[in-house]
Number of protein chains: 2
Amino acid sequence: MRQISQYLSVDCVLFGYNGSELEVLIVDRTLNDEKSGELVINDCTLTGNHVYEDEPIEEAANRVLFDLTGLDNVFLEQFKTFAHPNRLKRPNDQLWLKSTGRNPEARIITVGFYSLVATDKVKLQWKGRNVRWVPVSEVGELAFDHNLILEEALRTLQTRIKYEPITFELLPDKFTLTQLQNVYEAIWGIELDKRNFRKKVARMKYLIQLDEKQTGVAHKPARLYVFSRDVYDKTKKELFDFTI
Amino acid sequence: MRQISQYLSVDCVLFGYNGSELEVLIVDRTLNDEKSGELVINDCTLTGNHVYEDEPIEEAANRVLFDLTGLDNVFLEQFKTFAHPNRLKRPNDQLWLKSTGRNPEARIITVGFYSLVATDKVKLQWKGRNVRWVPVSEVGELAFDHNLILEEALRTLQTRIKYEPITFELLPDKFTLTQLQNVYEAIWGIELDKRNFRKKVARMKYLIQLDEKQTGVAHKPARLYVFSRDVYDKTKKELFDFTI
DNA sequence: TCATAAAGTGTAAAAATAACACTAAGTATA
DNA sequence: TATACTTAGTGTTATTTTTACACTTTATGA
């Protein structure tokens, strides 16, 4: 077995929620011709970066996230690795690899992570590149194999929220039950019954009702809730059910 | 960004079922000193292999599986990637890397797959190395970070069988309900109520009762069942439930 | 004070879960 | 050939969960 030519990177699919739709963080990728200055590449990618030598991949993913959002200790989970030898063989991707000094023949292994962030906690910034939230339903063609990566991340998210209380990560610390319901609806792309939804979450002990209400809304203000990780950690063993 | 020194491999956690316990395929790793002939390494690993240049990782995983079992089209799923820079820094692992001509300083990225095979369909063989089924509960210390990989694979399996009908992969084509129940019990390490279990599986349309019975057993013979992938594929959209 | 807008609430029928013990049907053997 | 052995196979009841469905409450703003 000989050493093969390859690189290691992480891609972070950052999901956000704008109050009505599920969004994902997208970065512009532009390249100007060295001589003519002409714009030769102008498309979009997910957020990602290479992994430093001797850097664990989880650390690399956290670094990408921190550089983008200034946030630390954010929900971040590895979901799949993409390493097909042809994943970056489209002309623009080859051009891009060359322009950044990489061997375009090499395999680039990327480990996919997804992350959930409450957009109101975040001020975006990234090395002067244009970063922005885009509704998942409006994401067009992305560079590399990033459409595939986004699809897989979304599928993972849709499944994961059925069994794990991670939707809170997309909301402000204090939120209303309607907001919580909206998050599920946005991720699954379906509508849920309000009364049945509330009956269900009423069973979640880790959802704590506050003595506070919404303010500044032109209608009956809603009660606010918080997610208690403590209560969740204490009770999650009981929650394990043997559904087959 | 410069090219870093690293390798890409796959590790396949092959789960089997022996009729009462969940088993995993384990390989001996031995190394003799070149001069003295003395046995310097004698431990065990999961089954895995490097990924060829230009080979997709799924293909590499299938290749490992095929070389071991002669089986093709077996259930095989990627579950996690392990790439910590120190994952192979124990003395025996360093020795092993050197002896196989690899730079022991390099990072070895391994993509973990797990697979379910009905042990009665399999005749083991692997490049003259000693391969054998070991009950998961009896697996001792493994080389590399393979105990961690096994743990993660098992955790994934325990979760996955709650929501997806993959336990059939561990059984002969025709199986009894008791055998099916035993598989769940072996994977979860708990006992289930027979009557309640049967009520539950009775709702699975893709579980087809045959007009056949067990033979050669010294007691009332059980009805045989098969899993119908066709029926499953047709109904699985309906099965998507919005449990939160 | 009235219009507007979302919050918040209950019931009944159907389905799923959980706990629990005996009879049936083969083989083996005395 | 009768009996022992062993696992297969089955039903009920109480509780919980799910599903479908519509009106009242409470704040703001005009």
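Numbers restart at 1 for each chain; the letters A, B, ... are given by sequence-line order, proteins then strands. Because only heavy atoms are used, hydrogens play no part in the values below, and waters and symmetry mates are left out as well, while side chains stay in.
With sequence neighbours excluded, the residues forming a side chain to side chain contact (heavy atoms under 4.5 Å, CB included) with B/Glu191 are B/Glu185, listed by chain and number. Residues satisfying the side chain to side chain contact (heavy atoms under 4.5 Å, CB included) criterion with A/Arg160, sequence neighbours excluded, are A/Glu77, A/Tyr114, A/Thr156, A/Glu164, A/Ile166. Applying the ring-ring contact (aromatic ring centres under 6.0 Å, His included) test to A/Phe168 and every residue at least two apart in sequence or in another chain returns A/Phe175, A/Phe227.
Atom pair B/Leu180:CG and D/dA8:C1' shows a separation of 15 Å (rounding to whole Å applied). Nucleotide C/dT17 holds its C1' atom 14 Å from the CZ atom of B/Arg195, rounded to whole Å. Put simply, CZ on B/Phe197 is 14 Å from C1' on D/dA8, counting in whole angstrom units. In this structure, the CD atom of B/Gln181 is 14 Å from the P atom of D/dT10, given to the nearest Å. When the C1' atom of C/dA7 is taken as reference, atom CG of A/Asn182 falls 13 Å away, rounded to whole Å. When rounded to the nearest whole Å, the span between NZ of A/Lys162 and P of D/dT18 equals 13 Å. Here the C1' atom of nucleotide D/dT19 and the CG atom of A/Leu192 are 13 Å apart, to the nearest Å. Following rounding to the nearest Å, A/Glu191 (CD) and D/dA20 (C1') show an atom-to-atom distance of 15 Å.
Proximity of the aromatic rings of A/Phe144 and A/Phe82 is defined here by a centroid distance below 6.0 angstrom, and this criterion is not met.
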Atom pairs, N/O to N/O, protein against nucleotides 11-15 of chain C, distance under 3.5 Å?
| residue | atom | partner | partner atom | Å |
| --- | --- | --- | --- | --- |
| C/dT11 | O4 | A/Lys199 | NZ | 2.6 |

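Legend: side-chain hydrogen bond (donor to acceptor under 3.5 Å, both in side chains) pairs involving residues 212-221 of chain A, not counting sequence neighbours, sorted by first then second residue: A/Lys174-A/Glu212. For residues 112-125 of chain B, the set of pairs meeting the salt bridge (Lys or Arg N to Asp or Glu O under 4.0 Å) definition, not counting sequence neighbours, comprises B/Lys121-B/Asp173. For residues 131-146 of chain A, the set of pairs meeting the side-chain hydrogen bond (donor to acceptor under 3.5 Å, both in side chains) definition, not counting sequence neighbours, comprises A/Asp11-A/His146, A/Asp28-A/Arg132, A/Arg87-A/Asp145, A/Arg90-A/Glu141.
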Donor-acceptor pairs under 3.5 angstrom involving side-chain atoms of residues 64-74 of chain A: please list them, not counting sequence neighbours.
| residue | atom | partner | partner atom | Å |
| --- | --- | --- | --- | --- |
| A/Thr69 | OG1 | A/Leu65 | O | 2.7 |
| A/Thr69 | OG1 | A/Leu71 | N | 3.0 |

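DNA chain D is contacted by both B/Asp193 and B/Thr178; B/Thr178 maps to the nucleotide lying nearer its 5′ end (nearest heavy atom per residue).
Distance CD/A/Glu23 to OH/A/Tyr17: 10.0 Å, rounded to 0.5 Å.
For residues 209-227 of chain A, proximity to DNA chain D is found at A/Lys213, A/Val217, A/Ala218, A/His219, A/Lys220, A/Pro221, defined as any non-hydrogen atom under 4.0 angstrom from a strand atom.
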